[in-house]
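Some notes on the structure that comes next.
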Amino acid sequence: MTKTMKGISGKIDVNMNETLAAWQRLQFGMFIHWGLYSAFGGERNGKPVKIGYSEQIQMWDQIPETEYVEVAKQFTADQFDPKAICQLAKDTGMHYIVITSKHHDGFAMFDTDTTDYNIVKQTPYGQDPLKQLAEECHKQDLKFGVYFSLVDWHQGHAFDDNNNNPIPVSMEQVIEQQLRELMTNYGPIAEVWFDMSSPTLEQSIKFSSMVHELQPEAAVNSRIWNNKGDFRTLADNQVPFNTLDAPWQTPASIYHETWGYRKWQERHDFSGKVRDLIAGLTSVRARGGNYLLNIGPRGDGAVVSFEQDVLLTIGEWINRHPQAILGASATKFGGQAWGEVTVNGTDLFLHVINRPKDGVITLPGLATDIIQVVEDGSSNPLEWSLEDNNLTIQCPDQPIDDIQTVIKVELAEELRMIPEKTVEADENGVWSIALTDIYMGYGFADRGNYNTLRETTIRHTAFIVTEKAGCVWLEVQGEVQKKETTYQIELGNETKVVTGKQLVEGDIGLFSVNAHEIVPLNITLAEPGYPEEPLGLVLTGVKMKY
């Protein structure tokens, strides 16, 4: 491949929908799990309950509601400080806060007319903490969001270890009224984080539509189920192996064992905890996701000092690398054996999470000239070479950052890259694209609850090198599940829509190509029912010819 080959843009852009793009730009947020369960602290009668998450202690220890609600009498929340919480979020580098308005126990942490089973009516605190936190978020220029469980033990759901309870019609009215209260009484809402249950398709549509009607700028997460969310919430603490095409988020916890406060939780290896969470934040951001990191305040509302110190240390690290994570974009390089890659303008950032023994890292496919390479936060140049589009760098022997090394590569212009699996034509002007030459675009889809969440393939992409300008034909080899399904084929700047039958049973064309370019070929659904709908195509190869 010639050195003059320009390559493709290496940056992954945000969603074309402005509401979702605005949500993606939030990037990093604070999750807060706080409720009656926090007063138990993972204990019952002074003994640890060591099964399940502590915010679900009522179910895991089979606590009758009459006993469970007794703790409300001592729920003074005298240490709950919205101003300090917002400041902590900002000091950590976070841009938004999502708090539990109601968890599975059904105890509303806001002022509601639907039930007396709420913090205003049942506790000596007697106030609406969501109202206070929302107002403080707006004062401190943080976006505000709410968590809302679709499971409600108080309204009649039985304990279910998987929390996959269907929603009876009798419960719909309460959910609708509570959602209406949350969407109208707390100012602008940036995110609504539904959780668990097994709603019908009609219920998922109804609840998400209500949010969109009352809060048009709010993004609804995928745990509304039936693929009716605006963005996909992955499994707890999950970092996807593959970069995902549709908007997504990882909910992360400081301790994987619990989200709600737990008195007896082991809090040790502070530096290791910080390092792991920064690596998680880096990996999620480098692959284009939002990172929502949880704290679990005590029953009195105070933030656990260990958690506060962890967050502040993460914030200090972010401040040492102000362009490398927040405001930076994901790239098409994907995860590397040594770490992750982000880009901000013409600065490329290499995050060395797994330092090789010899200290040498390689980034294949870089097609942009380099001005200099330094350790981020330093002006000291590092040894590097760029040969055949492979960038090799000698990491600093003694990094200035002992948490995670970040290397800044200053580029001469915008980031461009040569995909590793780029295909050239043979002497007859024919491109034979094997399955191993094809990149997959991934998403996740569900069939109505958490247990049905599965990875889906939603795009096939190949890259070809053109030697001359002209028109090309395309032959797709494979099988489709439904021949009437319509597919969109993009080759360079041209797009054609064909049926599944046409896709696999004949030549498709003509497409115009320029000379000496790397041209992407994308195959997607023309009219997907939802952004992550599976392609329904078993591809075995593609042939192209002038």
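Note that the coordinates shown come from a computational prediction; the quantities given were computed from them, not determined experimentally.
Annotation: side chain of Leu411 is not in contact with side chain of Asp369 (no heavy-atom distance under 4.5 Å). Looking at heavy atoms from C-beta onward, Glu517 lies out of side-chain contact with Lys6 at the 4.5 angstrom threshold.
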Pairs of donor and acceptor atoms involving the side chains of residues 378-386, under 3.5 Å and at least two apart or interchain, shall be tabulated with distances.
unit_1, atom_1, unit_2, atom_2, d
Ser378, OG, Asn380, N, 2.9
Ser378, OG, Asn380, ND2, 3.3

For residues 470-477, run the donor-acceptor check on the side chains, cut-off 3.5 Å, and write out each pair with its distance to 0.1 Å, sequence neighbours left out.
none

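Under the side-chain hydrogen bond (donor to acceptor under 3.5 Å, both in side chains) test applied with Asp376, the options Lys408, His321, His351 reduce to a single match, His321.
Here the two rings, on Phe270 and Phe306, have centers that are under 6.0 Å apart. Between Phe80 and Trp34, a ring centre-to-centre spacing shorter than 6.0 Å is recorded. In this structure, His33 has its ring center under 6.0 Å from that of Phe31. A ring-centre distance under 6.0 Å is not found for Trp193 and Phe148. For Phe194 and Tyr147, the ring centers sit 6.0 Å or farther from each other.
Taking the charged nitrogens against the carboxylate oxygens, Asp245 and Arg459 do have a contact shorter than 4.0 Å, which makes a salt bridge. At a threshold of 4.0 Å, the pair Asp446-Arg454 does not count as salt-bridged, since none of the basic side-chain nitrogens sits closer than that to a carboxylate oxygen.
Note: Tyr487 OH to Leu525 CG = 5.5 Å, rounded to the nearest 0.5 Å.
Under the side chain to side chain contact (heavy atoms under 4.5 Å, CB included) criterion, Ala328 pairs with Thr342, Asn344, sequence neighbours left out.
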